[in-house]
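The next block holds one structure in the form of structure tokens; read it before the comments.
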2 protein chains.
Amino acid sequence: MRREQESRGLTTSDAPEADDAGQEAAPARRRAGRKARETRERLIEGTLLALCDEGVTGITTRKIAEKADVHLGTLHYHFESKDALLMAVLDTLGARLAQQLRLGVAGSRDLDECIERVLETDWIIAERNLAIQIVQYELTLYALRTEGAAWMARRQYDDYIKAHDDAFAGHASGAPAEAIRRLSQAVMAGIDGIILQELAAPDLARSRGAVRDLIAAMQALARTLGLHRPR
Amino acid sequence: MRREQESRGLTTSDAPEADDAGQEAAPARRRAGRKARETRERLIEGTLLALCDEGVTGITTRKIAEKADVHLGTLHYHFESKDALLMAVLDTLGARLAQQLRLGVAGSRDLDECIERVLETDWIIAERNLAIQIVQYELTLYALRTEGAAWMARRQYDDYIKAHDDAFAGHASGAPAEAIRRLSQAVMAGIDGIILQELAAPDLARSRGAVRDLIAAMQALARTLGLHRPR
DNA sequence: GTCTATACATGGATAGAC
DNA sequence: GTCTATCCATGTATAGAC
């Protein structure tokens, strides 16, 4: 079930190039046609659906093709391998997540409120579709195992951290970037942990309480880190 | 690759029975012989090794048999299915983890110190072998996908929460159990999140700093929750 | 660029000798 | 209780018609 030795298409771009990430283009074709682009996207979307149903361990190219309403051969025309397709999905997921966060946290008054909104937003996004969260974790772990794709896991992390940094930065302009970064890390760690708990032992009421607790704890941490402006 | 319809051996015991968990015994045999027990354990240990190498997606019964130095037929004599074996590993892992935590947190002076020790211990355990941590997450997620095994993921969570409760309880005897529970949840969530970060974007120095930050935040949370005794 | 058909490998599981 | 040999389903990927 492996063809790792020459998993080209995953190593082609070892560093984040531009921002339309995950473009493991079809062999020797950079400027893909209008329709091809649509099919690519249908494939990615179909893979996501199939992953929600089956998980990374259960996924097969046939199921993907079926969900995407595309034939098996077509899949392999657009993606060098199943792995390449899976990684493209991970990339899409990460971008989508960071985007959602940015949209959700506009206009806070002060840092405390900002922390609160960020965490509430993080949680809402996760709660809205826990199935996708599972997929995200599965794919991230899978990337760690896949030759030449570990950097994708790191980028997932970097991007999401950055989205948090940006949210906080506006309300702690005097503070050193490093302190902000530490807050972002703690916030993200906390939310990830709560999501994991919700997945393993579902109990929405408990998790929402945990988010409240986390908010309080992070506000306290921000103080410890000296992020609050004097009033 | 699936035979879910009748994954007996996983549904036999839907509730935690006794404490020698994960005993999906060989068909119609409760009192297994001395040697059989050894082989079972070799198989579990071998599976763990194989999982560290390959991950859940890459694992095969053949690789397991090889690592355990056992023949393929023997594997299926002891375990009804690959899934049953995998779940037995998850159980072992969980028990081992809780055990390690208990050993590591003896004799703190007060709650603040206890929180510190618990988190330091949690982290040391994880840092000592990150490879196993990955496996633990993979297996927990896998359990969620496996028909009739989702309860195993929940038990993982319950057991580890309980280990934390026990550690804290001694230093907050007056406090309501619910407040202690909330602290445990927050602590675990935070650590899990940090481990996840370390896996996705390895940087031990950063993670150790994150643990320090988490300690401070959790001590603050304990205060918010009214867990500290008046001095 | 998309489809059909198929090659080829690999996996889980079992039968039956020992 | 362990081993060998094998069945048979399923998977990824490709070849080549359209």
Side-chain angles (χ1 to χ4, degrees), chain A residues 1-10 24-43 46-47 50-51 54-87 142 146, chain B residues 1-10 24-43 46-47 50 54-87 142 146-147:
Chain A
M1 190 217 271
R2 203 92 318 159
R3 177 98 309 141
E4 233 63 295
Q5 325 122 329
E6 46 155 289
S7 63
R8 317 148 293 165
L10 286 177
E24 340 292 346
R29 180 169 298 97
R30 280 278 155 187
R31 208 73 212 84
R34 327 98 192 102
K35 181 147 50 159
R37 183 154 204 95
E38 280 178 29
T39 308
R40 261 188 76 92
E41 265 152 34
R42 266 227 314 293
L43 272 166
T47 307
L51 281 171
E54 311 281 345
V56 238
T57 51
I59 203 72
T60 70
T61 49
R62 285 187 218 275
K63 283 172 190 160
I64 293 173
E66 190 185 358
K67 283 278 182 190
D69 199 26
V70 154
H71 288 256
L72 197 49
T74 309
L75 185 156
H76 280 97
Y77 173 80
H78 289 279
F79 293 90
E80 300 248 325
S81 67
K82 188 180 110 174
D83 280 358
L85 176 49
L86 252 28
M87 290 304 102
Y142 184 65
T146 307
Chain B
M1 190 218 271
R2 203 90 316 158
R3 177 98 306 143
E4 233 61 296
Q5 324 123 328
E6 47 155 289
S7 62
R8 316 147 296 164
L10 286 177
E24 340 291 347
R29 181 169 299 95
R30 278 278 156 187
R31 208 71 213 83
R34 326 95 191 100
K35 181 149 45 161
R37 181 153 206 95
E38 279 179 30
T39 308
R40 261 189 76 92
E41 265 152 34
R42 265 228 313 294
L43 272 166
T47 307
E54 312 280 344
V56 238
T57 52
I59 205 71
T60 69
T61 49
R62 289 182 163 83
K63 282 171 191 159
I64 292 172
E66 190 185 356
K67 283 277 181 190
D69 199 27
V70 155
H71 288 255
L72 196 50
T74 309
L75 185 155
H76 280 97
Y77 173 80
H78 289 278
F79 293 89
E80 299 249 326
S81 67
K82 190 180 108 173
D83 280 358
L85 176 48
L86 252 29
M87 289 304 102
Y142 184 66
T146 306
E147 197 74 22

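Keep in mind that what you see is a predicted model, and the values were worked out from it rather than measured. Letters go in sequence order (proteins before strands), and every chain restarts at 1. Computed from heavy atoms alone, side chains included, the values below leave out hydrogens, waters and symmetry copies.
- Atom NZ of Lys82(B) is separated from atom P of dT10(D) by 15 Å (rounded to the nearest Å).
- Across every non-hydrogen atom of Ile59(B) and Ala50(B), the tightest pair is CD1-CB, 3.3 Å.
- Glu41(A) pairs by the salt bridge (Lys or Arg N to Asp or Glu O under 4.0 Å) definition with Arg37(A), not counting sequence neighbours.
- Rounding to the nearest 0.5 Å gives a distance of 5.5 Å between NE2 of His76(A) and OG1 of Thr61(A).
- Applying the 4.0 Å criterion to OP1 and OP2 of dG1(D), one finds that Lys35(B) has every side-chain N and O outside that range.
- Remark: Thr39(B) is in phosphate contact with dT2(D), judged by side-chain N or O atoms under 4.0 Å from OP1 or OP2.
- We find that CD1 of Ile64(B) is positioned 11 Å from C1' of dG12(C), with the value rounded to whole Å.
- With rounding to whole Å, Leu43(B) atom CG is found 14 Å from dG12(C) atom P.
- The distance between atom CZ of Arg40(A) and atom P of dG1(C), rounded to the nearest whole Å, is 12 Å.
- With contacts defined as side-chain heavy-atom distances shorter than 4.5 Å, the pair Asp83(B)/Tyr142(B) qualifies.
- A straight line from CG of Leu75(A) to P of dA13(D) spans 9 Å, rounded to a whole angstrom.
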Could you list the protein-to-nucleotides 4-7 of chain C atom pairs, N/O on both sides, closer than 3.5 Å?
unit_1: dT4(C); atom_1: OP2; unit_2: His71(A); atom_2: ND1; d: 2.4

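- Atom NE2 in His78(B) sits roughly 16 Å away from atom P in dA13(C) (whole-Å rounding).
- Every pair passing salt bridge (charged side-chain N to carboxylate O under 4.0 Å, His left out) that includes a residue from residues 58-68 of chain B is listed here, sequence neighbours excluded: Asp53(B)-Lys67(B), Glu54(B)-Lys63(B).
- Listed here is the closest heavy atom pair of Thr39(B) and Thr74(B): CG2-CG2, 4.0 Å.
- Distance from the side chain of Ser81(A) is smallest for dA13(D) among the nucleotides dA13(D), dA13(C), dT2(D).
- Here the nucleotide nearest the side chain of Thr60(B), chosen from dG11(D), dG12(C), dT2(C), is dG12(C).
- Closest to the side chain of Tyr77(A), from the set dT12(D), dG11(C), dG1(C), is dG1(C).
- Nearest to the side-chain atoms of His76(B) among the listed nucleotides dT14(C), dT2(D), dT12(D) stands dT14(C).
- Note that CD1 of Ile64(A) and OG1 of Thr47(A) are 4.0 Å apart. Values are rounded to the nearest 0.5 Å.
- Per the geometry, CD1 belonging to Ile59(A) stands 14 Å off C1' belonging to dT10(D), to the nearest Å.
- With sequence neighbours excluded, the residues that form a side chain to side chain contact (heavy atoms under 4.5 Å, CB included) with Arg42(B) are Val70(B).
- Comparing the axis of the opening five pairs of the helix from dG1(C)-dC18(D) to dC18(C)-dG1(D) with that of the closing five pairs yields an angle of 0°, rounded to 10°.
- Between the C1' atom of dT2(C) and the CD atom of Glu66(A) lies a distance of 18 Å, rounded to the nearest Å.
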